[in-house]
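Below, read A as the first sequence line, B as the second, and so on, with proteins coming before strands; counting in each chain starts at 1. All figures in this text were calculated on a predicted structure; none of them were measured in a lab.
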Amino acid sequence: MLEGKRIERVEIHRASVVKNSPDQFIQATQGQLIRLIERRAKYILIHLERGGILGHLGMSGKFILDFKLKPIHSHDRVIFTLEDQSRLIFSEIRCFGFLEYLEDLATSERLERLGPDGLIDEIDPLAMRRRARGSRRNIKEWIMDQAVIAGIGNIYANEILFAAQVKPTRQAGRISKAEWERILKETKGILELALIHNGTSISDYRRVDDKTGEFQGFLQVYGKEGQPCPRCGRPIKKITQGGRSSWYCC
DNA sequence: ACACGATCCTGACTGC
DNA sequence: TGCAGTCAGGATCGTG
């Protein structure tokens with residue numbers, strides 16, 4: 001849809017979401033052809049003729065494709081106008097997300113830090129167990145560490161561990177091979193299911209066509225403190241780990 | 001090595 | 001009604 005189109009104009013409405021200087025970003029991207037767009041864990045890579053744009057949506061970011069030239073919204077931070085006058089809008093309420101022009105996406109340090117992709121890579125349970133050996137860190141923070149498994153955020157970490165029947169408070173180094181097998185199987189299964197249902201819209205998240213996702217209707221524990229556990233009926237508990245909320249039961 | 005808190009921001013909601 | 005406090009799909013950094 002975007003591939004093969006030329007970026008005619010770039011407007012930056014909030015400089016802090018662009019890692020480069022505004023001048024540098026505009027100069028480097030304006031006039032370039034979009035060659036390929038791909039995902040790498042939570043990053044979006046927009047390959048251009050020369051270099052490319054590395055994007056991250058943070059907590060509240062979205063890319064919206066606009067064909068109708070809707071009025072600019074206050075959260076629209078960067079606007080790419082394409083040669084056919086359609087617009088790719090990087091909209092970010094909290095400005096934790098970012099765009100970064102890089103001469104070479106392949107050697108980005110951010111990307112090099114990433115572990116195997118939980119959705120598409122074949123991850124060996126024994127390799128995970130070996131890597132976690134000796135770690136007393138809790139398994140919830142462990143699987144959310146992008147250097148360990150890339151692509152798992154807070155919603156899906158909770159859902160994966162519940163589905164795998166592994167309590168989030170367990171020590172990573174004490175997870176058995178069978179439990180790692182379940183965690184990795186559920187990582188794939190839940191991320192795939194969430195993708196089929198276009199992701200989880202709790203408040204701000206929208207698809208690129210501005211529609212909401214539907215996976216919120218499939219959540220078992222995330223955000224469900226006090227509600228009956230789908231497996232045992234006891235109330236779901238909420239705790240804090242690494243500054244993030246965790247919900248779990250049995 | 002890791003737990004913890006602060007930080008970057010804005011908006012929705014709660015309680016007084 | 002107003003205002004302070006809390007919380008939210010993330011990642012990084014400093015401190016102990």
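- Salt bridge status for A/Glu179 with A/Arg174: absent, with no side-chain N to carboxylate O gap under 4.0 Å.
- You won't find any donor-acceptor pair under 3.5 Å spanning the side chain of A/Arg137 and the base of B/dA1, going by distance alone.
- In this structure, A/Lys224 atom NZ and C/dA8 atom C1' are separated by 16 Å, rounded to whole Å.
- Between A/Phe90 and A/Phe63, the ring center distance clears the sub-6.0 Å criterion.
- In this structure, A/Arg113 reaches the C/dT12 phosphate: one of its side-chain N or O atoms is under 4.0 Å from OP1 or OP2.
- Between A/Arg182 and A/Glu186 there is no salt bridge, since no side-chain N of the basic residue sits under 4.0 Å from a carboxylate O of the acidic one.
- Nucleotides C/dG9 and B/dC2 are separated by 23 Å at their P atoms, to the nearest Å.
- With A/Phe162 as the aromatic partner, A/Arg231 meets the cation-pi criteria of under 6.0 angstrom to the ring centre and within 45 degrees of the ring axis.
- Rounded to an integer number of Å, the gap from A/Met144 CE to B/dC2 P is 16 Å.
- We find that NZ of A/Lys19 is positioned 12 Å from C1' of B/dC9, with the value rounded to whole Å.
- Using a 4.0 Å cut-off between a side-chain N of Lys or Arg and a carboxylate O of Asp or Glu, A/Glu141 and A/Arg137 qualify as a salt bridge.
- When hydrophobic clusters are built by joining Ile, Leu, Val, Met, Phe, Trp and Tyr residues whose side-chain heavy atoms come closer than 4.5 Å, directly or via intermediates, A/Ile123 is grouped together with A/Ile143.
- Following rounding to the nearest Å, A/Arg94 (CZ) and B/dC9 (P) show an atom-to-atom distance of 12 Å.
- With rounding to whole Å, A/Trp142 atom CH2 is found 11 Å from B/dC2 atom C1'.
- When heavy atoms are screened at a 4.0 angstrom cut-off, A/Lys62 is found touching no nucleic acid atom at all.
- As rounded to whole Å, 10 Å separates atom C1' of B/dC2 from atom CG of A/Asn138.
- Between A/Asp117 and A/Arg40 there is no salt bridge, since none of the side-chain N atoms of the basic residue sits less than 4.0 Å from a carboxylate O of the acidic one.
- A distance of about 13 Å separates the P atoms of C/dT6 and B/dG5, rounded to the whole Å.
- Comparing C/dG9, B/dA3, B/dT10 by their nearest atom to the side chain of A/Glu141 picks out B/dA3.
- Look at B/dG11: its glycosidic torsion is beyond 90° from 0, and that puts it in the anti range.
- Closest to the side chain of A/Arg14, out of B/dC2, B/dT10, C/dA8, is B/dT10.
- Figure legend: cation-pi geometry between A/Lys167 and A/Tyr248 absent, as NZ or CZ is not positioned both under 6.0 Å from the six-membered ring centre and within 45° of its axis.
- Here, C/dG5 and B/dA6 have their P atoms 14 Å apart, quoted to the whole Å.
- Separation of atoms CD1 (A/Ile26) and CZ (A/Arg9) is listed at 8.5 Å; rounding is to 0.5 Å.
- Using a 4.0 Å cut-off on heavy atoms, the residues of residues 145-173 of chain A that approach DNA chain C are A/Gln146, A/Gly153, A/Asn154, A/Ile155, listed by number.
- Here, B/dC9 and C/dG2 have their C1' atoms 23 Å apart, quoted to the whole Å.
- In this structure, A/Ile190 places its CD1 atom 16 Å from P of C/dG9, rounding to the nearest Å.
- Comparing B/dT10, C/dA11, B/dC2 by their closest approach to the side chain of A/Arg77 singles out B/dT10.
- With B/dA3, C/dA8, B/dT10 as the candidates, the nucleotide lying closest to the side chain of A/His75 is B/dT10.
- Put simply, NE2 on A/His13 is 18 Å from P on B/dC9, counting in whole angstrom units.
- Under 4.0 Å is where a charged nitrogen must lie from a carboxylate oxygen, and between A/Glu100 and A/Arg110 at least one such pair does.
- Comparing C/dA8, B/dC9, C/dT12 by their nearest atom to the side chain of A/Phe96 picks out B/dC9.
- Linking ILVMFWY residues whenever their side-chain heavy atoms come closer than 4.5 Å, directly or via other members, leaves A/Met128 and A/Leu126 in distinct clusters.
- Pairs of Watson-Crick or G-U wobble type, with distances under 3.5 Å, assemble into runs of 3 or more in DNA chain C at these ranges: B:2-8 with C:10-16, B:10-16 with C:2-8.
- Phosphate contact (OP1/OP2 of C/dA8, side-chain N/O of A/Ser245, threshold under 4.0 Å): present.
- The side chain of A/Lys42 contributes an N or O atom lying less than 4.0 Å from OP1 or OP2 of C/dA11.
- Using a 4.0 Å cut-off, some side-chain N or O of A/Ser135 falls inside it from OP1 or OP2 of B/dC2.
- Taking only side-chain atoms of A/Ile93, from C-beta outward, the nucleotide of C/dT12, B/dG11, C/dA8 with the closest atom is B/dG11.
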